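Take a look at the structure set out below.
Only a predicted model underlies this, so the values are computations on that prediction, with no experimental measurement involved. The basis for the numbers below is simple: all heavy atoms, side chains too, and nothing from hydrogens, waters or symmetry mates.
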Amino acid sequence: TLRPLRLYTYVMKIQQQQQLTGREILIIPRLFMTLLSLLFLDGCLWALVLVEREKKKKFMSCCVTKNEKEGMSNTNNDYNIGGPPMEVIVLASSWPTLVMTTRPFTNTLEAMVISVLLLIVTLDHHHLRISTTHKDSNDSNNSNGSKTTTVQHERRLIIPLLIGIICSIGLFVRFTFAFFALPIVLLFLYNRWRDSVTNLVWNVCSLAISFFMVSLLFVTIDWYYYQSHHSSTRADDITIQTPKTWSCHRDAFLATASK
């Protein structure tokens, strides 16, 4: 809540957060969460739908006969219609999205991190299937095969590091993230195990290293923050119980939070 307020005071050149009105304190964090939900929830779902449609097109093009290609042209035209997919419209217009994801809740941040993790693992699974199906054709051409192997090697280096970073962020956002992320991470490790055991061990090590490095960074930031604010203000001075106490302790609360 305080991050968008600080950004708003910096952009609007407001000297102190105490000068913000109650309407600004209420609306600005919700607008910020709405933008984040559009990017990480609707955007990730849009990308997942495009990947799934591409898989269906390739599957239908491989299985369909020549006599049925004319009938498939109508379905392909339906896929090429501009605008957001129906899945994204259903998600964006549902009442949990309109009510919950527009507020600064940890559940909302947890859903965003899970969406990003699901998108990364799905794209990795999709590219892995493509690389296995086209392995023979790439081996026939040495130049194309070398290019695809270098791209796949770079992807295998980056993806486990990204998954470790995302898991660390999600676990610090909300501890229940571990239960939702466990099946997704197991799918990623299963794909690596199908490739080779050595690849599985290497990915587990890189994922664990990135996870512990980012976790150590979060722990250090938390330790520095609470040590610097330990003796500044007592908890009783910033406890908000009723609207009357908020009007009395408003300046002390905002002054402590802005430090």
Side-chain angles (χ1 to χ4, degrees), residues 1 3-4 7-8 23 26-64 68-130 133 155 159 162-163 165-191:
T1 303
R3 296 298 179 184
L7 181 61
Y8 178 77
R23 180 178 296 178
L26 178 65
I27 294 177
I28 291 170
R30 298 191 178 188
L31 291 176
F32 180 73
M33 294 302 296
T34 302
L35 294 176
L36 290 181
S37 65
L38 290 173
L39 179 63
F40 292 106
L41 292 179
D42 299 339
C44 291
L45 180 60
W46 198 327
L48 289 173
V49 171
L50 293 179
V51 171
E52 187 65 24
R53 288 183 178 181
E54 184 180 358
K55 289 168 60 178
K56 288 182 179 180
K57 286 182 181 180
K58 291 182 179 181
F59 177 76
M60 294 298 294
S61 63
C62 294
C63 297
V64 76
E68 296 175 351
K69 287 185 177 180
E70 295 180 357
M72 283 188 61
S73 61
N74 296 325
T75 59
N76 291 330
N77 292 328
D78 293 336
Y79 285 146
N80 294 327
I81 295 175
M86 184 58 65
E87 294 85 350
V88 178
I89 295 175
V90 171
L91 176 66
S93 60
S94 61
W95 72 264
T97 302
L98 296 175
V99 175
M100 302 295 291
T101 60
T102 57
R103 287 168 171 79
F105 295 151
T106 56
N107 306 77
T108 305
L109 297 175
E110 181 185 20
M112 294 178 185
V113 180
I114 290 174
S115 300
V116 176
L117 179 62
L118 182 61
L119 177 62
I120 292 175
V121 175
T122 303
L123 292 176
D124 177 71
H125 182 71
H126 178 65
H127 290 298
L128 183 63
R129 292 183 61 183
I130 293 176
T133 53
R155 187 183 296 115
I159 288 178
L162 289 177
I163 292 176
I165 294 171
I166 292 171
C167 289
S168 178
I169 294 173
L171 194 62
F172 271 82
V173 168
R174 190 176 174 87
F175 71 96
T176 56
F177 173 83
F179 300 100
F180 297 103
L182 181 61
I184 305 174
V185 176
L186 289 178
L187 175 62
F188 170 76
L189 297 178
Y190 175 72
N191 291 327

Task: Test item: Arg174 side-chain N/O and Gly170 main-chain N/O as donor-acceptor pair under 3.5 Å - done: no
Open item on the list: I'd like to know if the side chain of Ser168 and the backbone of Ile165 have a donor-acceptor N/O pair within less than 3.5 Å.
Closed with: no
TODO: Report yes if the side chains of Cys167 and Val185 come closer than 4.5 Å at any heavy-atom pair, otherwise no.
DONE: yes
Open item on the list: How long is the straight-line distance from CG of Asn107 back to CD1 of Ile114, given to the nearest 0.5 Å?
Closed with: 10.0 Å
Open item on the list: To the closest 0.5 Å, what do you measure between CG (Leu117) and CD1 (Ile184)?
Closed with: 4.5 Å
Open item on the list: Are there over 12 heavy-atom neighbours, none belonging to Phe175, within less than 6.0 Å of that residue's CZ?
Closed with: no
Check: residues 28-51 side-chain donor-acceptor pairs under 3.5 Å, at least two apart:
unit_1	atom_1	unit_2	atom_2	d
Thr34	OG1	Arg30	O	2.7
Ser37	OG	Met33	O	3.3
Ser37	OG	Thr34	O	2.7

Open item on the list: Tell me the closest heavy-atom pair linking Leu171 and Ala178, and the distance in Å.
Closed with: CD1-CB, 4.0 Å
Open item on the list: Donor-acceptor pair, distance only, cut-off 3.5 Å: does the side chain of Glu110 make one with the backbone of Phe177?
Closed with: yes
Open item on the list: Is the shortest side-chain heavy-atom distance between Pro183 and Leu186 below 4.5 Å?
Closed with: no
- [ ] Could you tell me whether a side-chain N or O of Thr122 sits under 3.5 Å from a main-chain N or O of Leu118, the two making a donor and an acceptor?
- [x] yes
Open item on the list: Rounded at 0.5 Å granularity, tell me how far CD1 in Ile120 sits from CZ in Phe188.
Closed with: 10.0 Å
